[in-house]
Protein chains: 2
Amino acid sequence: MRVRDFSRPTTLNPDRLFGQVAQKLAVAIISGIVKAGELLPNEADLKSEISVSRTAYREAVKFLTAKGLVEARPKSGTRVAPRDSWNLLDPDVLSWHFEADPNEKFIRDLFELRSFVEPSAARLAALRRTPADLARIQAGYHGMIDNPPYAEATIRADLAFHEAILAAAQNSTLQCLASVVSATIQWSLLLKSGDDQGFYVTSLFDHERVLDAIIQRDGDLAAARMSALVTDSLNTTLTFLAWAGQRNAPKIA
Amino acid sequence: MRVRDFSRPTTLNPDRLFGQVAQKLAVAIISGIVKAGELLPNEADLKSEISVSRTAYREAVKFLTAKGLVEARPKSGTRVAPRDSWNLLDPDVLSWHFEADPNEKFIRDLFELRSFVEPSAARLAALRRTPADLARIQAGYHGMIDNPPYAEATIRADLAFHEAILAAAQNSTLQCLASVVSATIQWSLLLKSGDDQGFYVTSLFDHERVLDAIIQRDGDLAAARMSALVTDSLNTTLTFLAWAGQRNAPKIA
DNA sequence: CTGTCGGTATCGTATGACTTTATCGCAGAT
DNA sequence: ATCTGCGATAAAGTCATACGATACCGACAG
């Protein structure tokens with residue numbers, strides 16, 4: 001699955017060699033090609049699979065270790081860690097998921113988390129926003145209505161809208177969850193391949209109502225409307241997920 | 001500030017040399033000793049400050065890069081990244097905060113996030129819990145009442161109680177936020193140095209009420225009671241934070 | 001069958017050399 | 001004098017090699 005990635009700048013540098021190795025390994029892990037067993041022996045991997053020095057390989061492994069994907073111990077080897085010790089909220093880990101087949105349960109989990117966090121964030125944004133915050137949110141909204149549906153500029157504006165709201169909440173930990181929101185938005189746009197006009201109009205209206213509540217400084221209203229937005233987004237995404245599931249039939253045991 | 005750390009197993013291995021270097025650098029960054037400027041030049045750092053090989057140093061830097069704390073670029077050097085690109089929700093990053101002076105704004109942010117997430121998680125736990133989940137939650141509660149206040153076993157039971165609830169919600173992304181909940185609990189226990197009996201009784205009662213709602217499978221009730229628990233915890237923590245602030249007078253400009 | 005012991009494979013650390021990259025300053029042109 | 005471009009340079013990136021530390025595993029003795 002090859003996808004354009006509109007993610008926020010992540011910490012991984014794909015220009016560097018170790019970054020490419022890290023990405024390659026990470027995708028193999030996340031897509032389940034290697035389970036919770038052992039990775040390829042260092043030597044064999046180095047020589048045969050990818051021609052890269054031990055330094056680059058080790059730094060890639062350290063990178064993955066920091067994100068909880070692998071655990072390296074002397075003698076026993078470098079093993080893939082169990083999934084519940086992965087940092088699923090890490091921007092890189094989230095973006096690597098786009099390289100693997102869609103995991104319906106995981107996407108549902110992400111939306112669920114988002115439905116807990118983003119309405120509350122919208123409430124705070126309505127109460128705490130500065131003029132600069134509001135301008136940024138409005139800029140995002142206008143970027144959505146001034147560009148054609150599903151254009152790259154539109155998607156970026158959508159992401160910017162939600163990020164601006166999280167920023168307006170004035171809570172540093174909420175901003176770390178921006179990557180979760182971005183991921184859900186990208187999944188939803190990715191799954192519905194652009195052949196629906198009705199959903200798009202609904203989404204636009206949802207955004208307008210949230211913006212309106214934030215302008216009014218009405219926290220409860222903003223929360224309720226953001227909640228509706230997320231719910232709508234989830235429902236359409238689930239619809240398309242079901243379709244994709246029927247097409248691909250990726251039977252999940 | 002030296003503190004016992006009851007955190008979940010993090011990805012950093014303090015037994016290894018690179019891990020010690022990473023921790024040392026991370027604490028210096030988080031506590032603000034080095035701002036957003038440049039780190040010590042590789043060479044000078046290697047030779048003088050810490051006597052360690054380039055390998056270990058580089059792997060430590062890669063580790064921090066993965067968590068967004070630093071950005072390394074050829075020629076310009078390895079710089080400390082701006083705070084809003086740090087992975088504040090990473091278990092290691094959270095635990096490193098305990099080595100620095102308490103940052104009141106950050107602790108408030110953590111509690112705020114927790115107040116958004118944990119009540120919703122309690123709701124899901126009430127609806128989705130398996131028998132094993134419930135047993136785990138109950139085990140945590142009994143560990144709290146069967147041990148003396150503020151004993152290590154009690155603290156561990158408290159953490160286990162909340163982690164079990166997050167696990168019972170059957171959402172993998174919520175489990176990643178367990179480190180946030182742990183961090184807030186540890187901050188609150190750390191700040192009130194054990195000389196309060198009233199708060200403790202209140203806290204115990206809050207826990208009992210949450211457990212009761214989960215047993216009844218009443219989602220709304222569980223959410224409301226968890227919300228009350230978090231609010232109570234935040235209030236007492238803020239009280240002690242104010243005291244500590246007066247004592248230490250760590251004037252924040 | 002059990003327990004100790006050594007071999008061995010793998011990760012951890014150290015070192016030195018070379019490559020790539022991006023910044024900065026100098027020189028030349030406009 | 002300002003702008004443009006090119007090269008010197010410094011720092012990270014990569015490679016190769018060597019040795020130390022560790023824990024698994026099989027063999028051997030009790």
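Chain letters run A, B, ... following the sequence lines, proteins first and then strands; every chain starts at 1. Being a predicted model, the structure only gives us computed values, none of them experimental. Side chains included, hydrogens not; waters and symmetry mates left out as well; all remaining heavy atoms used.
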Exercise for the section: Heavy atoms under 4.0 Å is the rule here; annotate nucleotides 3-8 of chain C 5' to 3' with B where the base is hit, S where only the sugar-phosphate is, and - elsewhere. Expected result: ------
Between atom [atom1] in [X] and atom [atom2] in [N], what is the gap in whole Å?
X	N	atom1	atom2	value
B:Arg79	D:dA12	CZ	P	11 Å
A:Phe18	C:dT20	CZ	C1'	15 Å
B:Glu71	C:dT23	CD	C1'	17 Å
A:Arg58	C:dC11	CZ	P	8 Å
A:Arg54	D:dC19	CZ	P	14 Å
A:Tyr57	C:dT13	OH	C1'	17 Å
A:Leu17	D:dA12	CG	C1'	14 Å
A:Glu59	C:dC11	CD	P	16 Å

Exercise for the section: Say whether B:Ser172 and A:Asp109, considering side chains only, have a donor N or O and an acceptor N or O under 3.5 Å apart. Expected result: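 Per modelled atom types, B:Ser172 and A:Asp109 side chains form a pair under 3.5 Å.
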Practice task
Ignoring hydrogens and angles, state whether a donor on the side chain of B:Gln175 or A:Asp84 is under 3.5 Å from an acceptor on the partner side chain.
Solution key: no
Exercise for the section: May I ask you to evaluate whether A:Ser53 reaches the phosphate of D:dC15, defined as a side-chain N or O under 4.0 Å from OP1 or OP2? Expected result: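 Yes, within the criterion.
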Handout entry: OP1 or OP2 of C:dT10 under 4.0 Å from side-chain N/O of A:Thr78
Key =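 For A:Thr78, the contact criterion (side-chain N or O under 4.0 Å from OP1 or OP2 of C:dT10) is not met.
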Distance-only donor-acceptor test (3.5 Å): side chain [X], base [N]:
X	N	answer
A:Arg16	C:dT19	no
B:Arg73	D:dG13	no
A:Ser76	D:dA23	no

Handout entry: Salt-bridge contact B:Glu71-B:Lys62 (side-chain N to carboxylate O under 4.0 Å)
Key =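 Judged by the 4.0 Å cut-off on N to carboxylate O distance, B:Glu71 and B:Lys62 do not form a salt bridge.
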Practice task
Salt-bridge test for A:Glu104 and A:Arg108: reply yes if a basic N is under 4.0 Å from a carboxylate O, no otherwise.
Solution key: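 So A:Glu104 pairs with A:Arg108 through a salt bridge.
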Handout entry: From C:dT23, D:dG13, D:dA16, nucleotide with atom closest to B:Ala72 side chain
Key =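 Closest nucleotide among those given: D:dG13.
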Handout entry: Candidate nucleotides D:dC15, C:dA14, D:dT22, ranked by approach to the side chain of A:Pro74 - the nearest
Key = D:dT22
Problem - A:Ser31 and A:His97, any side-chain heavy atoms less than 4.5 Å apart - result: no
Problem - Heavy-atom side-chain proximity of B:Leu124 to A:Phe116 below 4.5 angstrom - result: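 Yes, their side chains come closer than 4.5 Å.
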Exercise for the section: Using heavy atoms to find the nearest nucleotide of DNA chain C for A:Asp15 and B:Gly19 separately, return the residue whose nucleotide is more 5′. Expected result: B:Gly19
Practice task
Would you jot down, in residue-number order, the residues of residues 60-70 of chain A having a non-hydrogen atom under 4.0 Å from DNA chain D?
Solution key: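 Residues of residues 60-70 of chain A that come under 4.0 Å of DNA chain D do not exist, since none gets that close.
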Problem - Lys/Arg cation over aromatic A:Phe106: A:Arg83, 6.0 Å, 45° cone - result: yes
Exercise for the section: For B:Thr184 and B:Phe111, indicate whether the former's side chain and the latter's backbone hold a donor-acceptor pair under 3.5 Å. Expected result: no
Handout entry: Any donor-acceptor pair under 3.5 Å from A:Asp92 side chain to A:Thr10 backbone
Key = no
Practice task
Could you tell me which non-hydrogen atom of B:Leu64 sits nearest to which non-hydrogen atom of B:Ala26, and how far apart they are?
Solution key: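 Distance-wise, the nearest heavy atoms are CD2-CB, 3.9 Å.
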